[in-house]
Amino acid sequence: MKNIVQRDFPELLVTTLKEEEKKLPDLPDIGKDGVVMRLAPSPSGPLHIGHARMSILNDEYFRRYGGKLILRIEDTNPANIEPDAYQMIQDDLRWLEVNFTDLVIQSKRFNIYYEEMEKLIEMGKAYVATTPTEEFKAKKQMGTPIRERDESPEENLERWDKMVAGEYEKGEVYAVVKTDLNHSNPAIRDFIAFRIVDTPHPLEGDRYKAYPMMNFSVAIDDHYLGLTHVIRGKDHTANTEKQKYIFSYRNWKMPYYLHYGKVSIEHAILKTSLIKKGIRNGEYSGWDDPKLGTLLALKKRGFDPLAIRKYYIESGIGSVDTTFSWEIFYSFNRKIIDGRSPRHFFINDPVSLKFDFDGALTADIPLFPQAGHSDDQKTRHYEVRKGEIVVTSQDFQKFNGDLVRLKDLGYFKIDDDRIEYLGESINEDIQKWNPNKPLGKVPIIHWLSGNGMPFKVMKPDGSADSGLLEKDALNYISMVHQLERYGYVNVLNDKTGYFTHP
RNA sequence: GCUCCGGUGGUGUAGACCGGCCAAGCAUAUGGGGCUCUCAAUCCCACGACCCGGGUCCAAAUCCCGGCCGGAGCACCA
């Protein structure tokens, strides 16, 4: 096989090599105009790390093949709409660098849905029922029709007109698309396509009473929007089967559907209903609270959207269920941000040590130690005199009585509430203090001396660390810093930062 | 219960459609080492996996059957 390719289509091999970086498998049936794909979130809240997979996957293929990427906001359930979400979703996508080409809002398309339903009823492929749903469900299980299913299109059309006109109350009537009552999978048998909703719609008010169900509006839109490929979660596999019936009744060409597995994202709060409740009762500071798994929260924690993209490309489109690995995600992000993150000292839970010294010690600590950064020669310059030196309580407990190296300052000995300077390089004094240990192994710790300010770091688990942050960090507000030996932190202002990751 | 789908190291994946080049690649984590006045980044080395049982075949991670385990759907949510 490989030999044949090599001999007859050497150019294919070249593409394969170039694509190696991309990793996602090719899509079938790509036309000359590329693909038409969609992002179809419901506007219940801003996007979260789970939505990002759907967004990135679709966008990657759109980038590869060109064509259209449609943002279709599925707002056909007024009870579950957060009005701000229409905008927030677009902002989130922009942040992810997902550049959709078209915006479609389903609540603007009711006329199309009504027309299409009418056609199906006329064709005898749909019906409108007032039979109690309990009976509808029970009969479906047995594979027998309810009364209305066998009535004429005229009778059903009559009820349909009344349904659209708002002459029924909520729960009294529903419209159904016929599939196959004997389908081996009961989940696929006749499905409800329209229902009555009396909750006012945030955009349309009470203009409509008959609302399409997702399985109906999606099929209609997927066709009329000209979709060629649809990538969505595998919780939709049964839905795809249902939607297939509408396509076949109308003789439409089905887009190519691909279902990826479920990602369970541990330790992340994603459910919008829970988040809204939490915001209301003060448990969360807002949609961007660091405890949340929203993209807004990740942004505020200082993640680069490229890390999210990389992660989901790496995960691929397999149908296997997976667990989101924060560890791997952090690693991707760390590699992206490390080189551009200024280094500073943050003394978490500081311990103050008396420093008795004549004269001044100088320290020049690199700000961007990685070669290649435009400021890689810059340092934080300090003169340390008699007074106080602070270190973290953790280091204090560990090294009290021992020799330590204060980073870029010199060798010191910690002696309870005091700290003593021993020299800037290894000498006899130091060897005395450290008789048994190899001198190359002296622990290097971070410190501050009069150049710190109170600072608080909000962590994703809801806790916070308080301590002293090096004042020089103020020159780099709203940037992710690497607080040495502590972790990466997005410094928001002179008082608070959000913890990115270790 | 019914109908689908799937199970590769701790974790995320490649390979599976079209059986051999897979005594299984990559990433992450872990352990060790180099570099570095950070427990970061970077470089090197090590570690570690084809769910189980049958079958087909010269040959099975890959095909078939059974089992076990996991997931999805069976809504007037999307």
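Letters go in sequence order (proteins before strands), and every chain restarts at 1.
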Run the side-chain contact (heavy atoms from CB on, under 4.5 Å) test against [X] and tell me which residues pass, sequence neighbours left out.
X	value
A/E118	A/E122, A/L157, A/W160
A/K170	A/I196, A/D198
A/I337	A/D304, A/N333, A/R340, A/S341, A/V480, A/Y488, A/H501
A/S248	none

| query | Once Watson-Crick and G-U wobble pairs under 3.5 Å are found, how is RNA chain B written in dot-bracket notation, 5' to 3', with | for any base paired to another strand? | reply | (((((((..((((......[....)))).(((((.......)))))....(((((..]....))))))))))))....
| message | Looking at A/E204, I'd like to know if its CD atom is crowded, meaning that more than 12 non-hydrogen atoms belonging to other residues, nucleotides or ligands lie closer than 6.0 Å. | response |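 Yes.
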| More than 12 heavy atoms of other groups within 6.0 Å of A/D375 CG |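 Yes, the 6.0 Å shell around CG holds more than 12 heavy atoms from other groups.
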| message | What's A/P366 touching, base or sugar-phosphate or nothing? Going by heavy atoms closer than 4.0 Å. | response |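 Touches nothing.
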| Touch class at under 4.0 angstrom, heavy-atom based, for A/K407 against every strand present |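 Base, at least one base heavy atom under 4.0 Å.
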| said: Tell me every residue that passes side-chain hydrogen bond (donor to acceptor under 3.5 Å, both in side chains) with A/H48, counting only those two or more places apart in sequence or in another chain. | reply: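 Applying side-chain hydrogen bond (donor to acceptor under 3.5 Å, both in side chains) to A/H48 gives none.
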| said: Quick check: A/F194 with A/Y113 (ring centres under 6.0 Å apart)? | reply: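 Here the rings of A/F194 and A/Y113 have centres that are no less than 6.0 Å from each other.
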| Aromatic contact, A/Y211 with A/F110 (centres under 6.0 Å) |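 Ring-ring flag for A/Y211/A/F110: true, centres closer than 6.0 Å.
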[X] has an atom [atom1]; how far is it from atom [atom2] of [N], in whole Å?
X	N	atom1	atom2	result
A/D376	B/A41	CG	P	19 Å
A/I188	B/C5	CD1	P	12 Å
A/H183	B/C4	NE2	C1'	10 Å
A/F368	B/A40	CZ	C1'	14 Å
A/N333	B/A27	CG	P	19 Å
A/Y312	B/A27	OH	P	22 Å
A/E484	B/A41	CD	C1'	12 Å
A/L24	B/G15	CG	P	11 Å

Please measure how far the [atom1] atom in [N] lies from the corresponding atom in [M], and state the result in whole Å.
N	M	atom1	value
B/A46	B/G7	C1'	29 Å
B/C26	B/U8	C1'	13 Å
B/C50	B/U13	C1'	13 Å
B/G31	B/G48	C1'	12 Å
B/G67	B/C5	P	15 Å
B/C18	B/G12	P	28 Å
B/U3	B/C65	P	16 Å
B/G70	B/C51	P	16 Å

| request: Identify, between A/D338 and A/L409, the residue whose nearest nucleotide on RNA chain B lies closer to the 5' end. | output: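 Residue closer to the 5' terminus by nearest nucleotide: A/L409.
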| First of A/L406 and A/R189 reached from the 5' end of RNA chain B, by closest nucleotide |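 This one resolves to A/R189.
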Once each nucleotide of [range] is scored for protein heavy atoms under 4.0 Å, what B/S/- sequence comes out, 5' to 3'?
range	answer
nucleotides 6-14 of chain B	S---BBBS-
nucleotides 73-78 of chain B	BSSBSB
nucleotides 42-51 of chain B	S---------

Donor-acceptor contacts, no H, no angles, side chain residues 131-138 of chain A, under 3.5 Å, sequence neighbours left out:
from   : atom 1 : to     : atom 2 : distance (Å)
A/T131 : OG1    : A/E148 : OE1    : 2.7
A/T131 : OG1    : A/E148 : OE2    : 3.0
A/E135 : OE2    : A/K139 : NZ     : 3.1

| request: Can you tell me which residue pairs pass the salt bridge (charged side-chain N to carboxylate O under 4.0 Å, His left out) test with a partner in residues 181-192 of chain A, sequence neighbours excluded? | output: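 Checked against salt bridge (charged side-chain N to carboxylate O under 4.0 Å, His left out) - neighbours excluded - the pairs reaching residues 181-192 of chain A are A/R149-A/D190.
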| Does A/E484 pair with A/R380 as a salt bridge, N-O distance under 4.0 Å? |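 Salt bridge present between A/E484 and A/R380.
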| field | Note, A/L57 side chain near A/L258 side chain (heavy atom, < 4.5 Å) | value |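 Counting from C-beta outward, A/L57 and A/L258 never come under 4.5 Å.
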| message | Tell me which pairs pass side chain to side chain donor-acceptor pair (under 3.5 Å) where either residue lies in residues 259-275 of chain A, with sequence neighbours left out. | response |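 Non-adjacent pairs meeting side chain to side chain donor-acceptor pair (under 3.5 Å): A/T240-A/H259.
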| query | Do A/R343 and B/A40 share a donor-acceptor pair, side chain to base, under 3.5 Å? | reply |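 Yes, the side chain and the base share a sub-3.5 Å donor-acceptor pair.
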| field | Separation between NZ of A/K244 and CE of A/M254, rounded to the nearest 0.5 Å | value |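 Going from the NZ atom of A/K244 to the CE atom of A/M254 covers 6.0 Å.
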